[in-house]
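Heads up: the structure comes next, in C-alpha cells.
What you see is a predicted model; the values in this text were computed from it and never measured. The chains referred to below are lettered A, B, ... by the order of the sequence lines, with proteins before strands, and numbering in each begins at 1.
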There are 2 protein chains.
Amino acid sequence: MNEIFLDQRSCQSCPIRHRAVCSKCEPDELQMLDRIKYYRHYDPGQPVVWAGDEMDFVASVVAGIATLSQTLEDGRTQMVGLLLPSDFLGRPGRVTAPYDVTATSALTLCCFRRKPFEKMLVETPSISQRLLEMTLDELDAARQWMLILGRKTAREKIASLLTIIAQREAALQRRAPTNGSSFELPLTREAMADYLGLTLETVSRQISALKRAGIIELEGKRFVTVPDFAALMDETGDDSDGGLPV
Amino acid sequence: MNEIFLDQRSCQSCPIRHRAVCSKCEPDELQMLDRIKYYRHYDPGQPVVWAGDEMDFVASVVAGIATLSQTLEDGRTQMVGLLLPSDFLGRPGRVTAPYDVTATSALTLCCFRRKPFEKMLVETPSISQRLLEMTLDELDAARQWMLILGRKTAREKIASLLTIIAQREAALQRRAPTNGSSFELPLTREAMADYLGLTLETVSRQISALKRAGIIELEGKRFVTVPDFAALMDETGDDSDGGLPV
DNA sequence: TTCCGCTCTTGATCAGGATCAAGGCGGCTC
DNA sequence: GAGCCGCCTTGATCCTGATCAAGAGCGGAA
C-alpha cells in the first residue's frame with residue numbers, strides 16, 4: 001500500500017472534490033482539501049480494513065472495486081456493500097470500521113485524514129449535504145438488496161445482480177444500459193454467492209441456466225453480453241416499472 | 001388522518017427539534033419549525049403512503065410503529081425498515097415515496113412541509129449533520145438485516161429479531177436490555193415473516209421451538225419475557241462481541 | 001349467547017437450494 | 001511439457017423451510 005500526496009488537480013473521479021467543493025470553487029477549500037488528501041493503492045484480494053479496526057481516514061473510490069462484508073461466528077459471510085468508483089468509504093464520527101473491506105480488483109482510494117475532514121464537514125455545509133445524499137442512495141440500494149435476499153429465488157437473484165452491475169457500469173459512463181451491451185463481471189462466483197446469500201455452486205448453475213435460456217451470453221467465465229436487456233429484467237421478478245431510481 | 005398544528009413546546013420526542021434545533025436554542029429556528037410543523041395520526045393497519053405516491057412532507061415518528069416494505073410483481077413482500085419513535089421518515093430532495101409505509105400500531109407523525117424543511121436544511125447545517133448521522137445509523141441497521149436475511153437460519157432469524165426489538169425497546173428508555181425483561185411484540189407473525197424473509201408458519205414454529213427450549217417465555221401471543229438475555233444472543237449466530245454499535 | 005373472522009399453531013408433504021463429490025479449464029511456475 | 005493451483009462446472013443426495021391443510025383460541029358483532 002502506497003501513499004501518494006496529490007497535486008491540486010489530479011483527483012478526477014472524487015465526488016467530494018467535484019460535486020461538492022469544485023462546484024463552489026472556493027479556492028481556500030480546495031487548498032485545505034489538498035493538504036489533507038492522499039492516494040492509497042491496494043492489490044486485488046488485499047484487505048483495506050477489518051471490522052473493528054481503527055480507521056483514521058475516510059475515502060472515495062477512484063478506481064477498482066471494493067466490497068463490504070460481515071461474518072457470523074461460524075464463518076458464514078454476507079457481503080453488504082459493493083463500492084465502485086465515486087462511492088464513499090467510511091463514516092464521519094466513527095473511528096472503528098463496522099465491516100470488513102476488501103479490494104476485489106486493483107483499488108485506488110482517495111483518502112482524507114479523519115480529523116481535518118470532519119472539521120471541513122462542519123465548515124462546509126455543501127459537503128455534508130452531498131454526503132447525506134450519497135448515504136441516502138446507499139440506504140436505498142441496501143433496502144433493494146434486502147428484497148433480493150429475503151424474497152427472490154436463486155434465478156431472480158442472479159438476474160438482479162447482473163442487472164445492477166450492468167446499470168452501474170453504464171451509469172459510470174453516463175448512459176443507460178442497452179441491448180447487446182457487454183461488461184466484465186467484477187466478482188468471482190464465490191463473491192457473487194456471498195453477495196446473494198447463495199452458495200457458489202448455485203450461482204454457477206443459475207448462470208449456466210440463464211445462458212442456456214439465451215438471456216445472457218458468456219465469453220470465458222467473466223465476460224457477459226446481454227442481447228435483450230428487457231428479457232433480463234423480466235427474470236428479476238421486480239415490478240416492471242423498474243423499481244428504485246438509481 | 002388528522003392534522004393538528006403544534007404550539008412551540010408540544011413535540012417531545014422529535015429528534016430534529018430536540019437533538020438538532022433545541023440543542024442550539026436558536027429562537028428563530030424554533031419559530032420557523034413551528035410554522036411548518038404539524039401532527040398526523042394513523043390507525044393501526046392504515047397506510048401512510050404507497051410507493052410511488054407523492055410525499056409533500058417529511059416526518060419523525062412521535063408514537064407508534066410504522067413499517068417500510070417493498071413488493072415484487074407476484075405479491076411477495078419484504079419489509080425493509082421498522083420505524084420506532086424518534087425515527088425519521090422521508091428524504092429531502094425526493095418527491096415520490098420509494099416504499100410502502102404502513103402504520104402497524106396507532107401512529108403519530110410529526111410532519112414538516114417539504115419545501116420549508118429543505119430550505120431550513122440548507123440554512124441550518126446542524127440539522128443536515130444530524131440527519132446524516134441518523135441516515136448512517138439506518139444504513140448500518142439495513143446492512144445488519146442483510147446479514148440476517150442472507151445467511152441466518154430460521155431460528156437465528158427469530159432470535160435476532162427478538163434481540164433487536166428488545167434492544168430498541170430498552171434504548172427508548174435509555175437502558176440496556178436485562179435478564180427477565182419483557183416486551184410486547186409490536187408485529188404480527190405475518191409481519192415478522194415479511195421482515196425475516198420467512199413464512200408465517202415458520203415464524204410460529206420457531207417461536208414455539210424457542211419457547212420449548214426455555215430461551216423465551218410467552219404470555220398470550222405477543223408478550224415475551226427473556227429470562228437469560230445472553231442465551232437469546234447465543235441463538236442469533238452473531239459474533240459474541242455484540243456486532244454493530246446500536 | 002352464537003357466529004364470524006382474524007391470528008396463530010401444528011401436522012404432512014414437497015421442493016429449492018445446500019452439501020458432498022468429482023472433474024474440467026486455464027494460467028502459472030519449474 | 002508436466003504439474004499444480006485457483007476458479008468454475010456438473011452430478012447425486014440431503015435437509016431446511018415452503019406449501020397445503022386443518023383446526024384452536026379469542027375478540028367483536030348481531
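- In summary, A/E54 and A/R114 do not engage in a salt bridge, as defined by a charged side-chain N under 4.0 Å from a carboxylate O.
- Rounded to whole Å, atom P of D/dC7 lies 15 Å from atom CE of A/M192.
- One can place CD of A/Q206 at 6 Å from P of C/dG17, the figure rounded to the nearest angstrom.
- Residue B/S160 is tested with B/E235, B/R155, B/K152 for a side-chain hydrogen bond (donor to acceptor under 3.5 Å, both in side chains); the sole match is B/K152.
- Computed from coordinates, the B/E156 CD to D/dT16 C1' distance equals 12 Å when rounded to whole Å.
- One can place CZ of A/R212 at 11 Å from C1' of D/dT9, the figure rounded to the nearest angstrom.
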Using the side chain to side chain contact (heavy atoms under 4.5 Å, CB included) rule, take A/I207 and A/V224 through it: C-alpha gap first, then chi angles, then the decisive distance, then the call. CA-CA 10 Å; A/I207 288 179; A/V224 179; over 6 Å; no
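- Among the heavy atoms of the strands lying under 4.0 Å from B/G197 are primed sugar atoms or P, OP1, OP2 only; no base atom is included.
- One interatomic measurement links the two molecules: CZ of B/F223 to P of D/dC26, which rounds to 17 Å at whole-angstrom precision.
- Taking atom CD1 of residue A/I158 and atom P of nucleotide D/dC8, one finds them 12 Å apart after rounding to whole Å.
- Looking at every heavy atom in both residues, B/Q46 comes nearest to B/Y42 through OE1-CA, 3.4 Å.
- In this structure a side-chain-to-backbone donor-acceptor pair under 3.5 Å is missing from A/T135 to B/L136.
- When every heavy atom of A/T102 is checked against every heavy atom of A/G45, the shortest pair comes out as CG2-O, 3.6 Å.
- Counting only heavy atoms from C-beta outward, the side chains of B/T188 and B/L200 never approach each other to under 4.5 Å.
- The interatomic distance linking B/R151 (CZ) with C/dG17 (P) rounds to 13 Å, in whole Å.
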Between the protein and nucleotides 7-9 of chain C, list every N/O to N/O distance that falls short of 3.5 Å.
residue	atom	partner	partner atom	Å
C/dC8	OP1	B/R222	NE	3.3
C/dC8	OP2	B/R189	N	2.9
C/dT9	OP1	B/R189	NH2	3.3
C/dT9	OP2	B/R189	NE	2.8
C/dT9	OP2	B/S204	OG	2.7
C/dT9	O5'	B/S204	OG	3.1

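- Within the structure, salt bridge (charged side-chain N to carboxylate O under 4.0 Å, His left out) pairs that include any residue of residues 214-227 of chain A do not occur (at least two apart or interchain).
- In this structure, A/L198 atom CG and C/dT19 atom C1' are separated by 14 Å, rounded to whole Å.
- Each end of the helix from C/dT1-D/dA30 to C/dC30-D/dG1 gets its own axis, taken as the rotation carrying the C1' atoms of four end pairs onto the next four within a five-pair window, and the two axes meet at 30° to the nearest 10 degrees.
- With values rounded to the nearest 0.5 angstrom, B/F229 atom CZ is found 6.5 Å from B/S181 atom OG.
- An OP1 or OP2 oxygen of C/dG17 is reached within less than 4.0 angstrom by no side-chain nitrogen or oxygen of A/T199.
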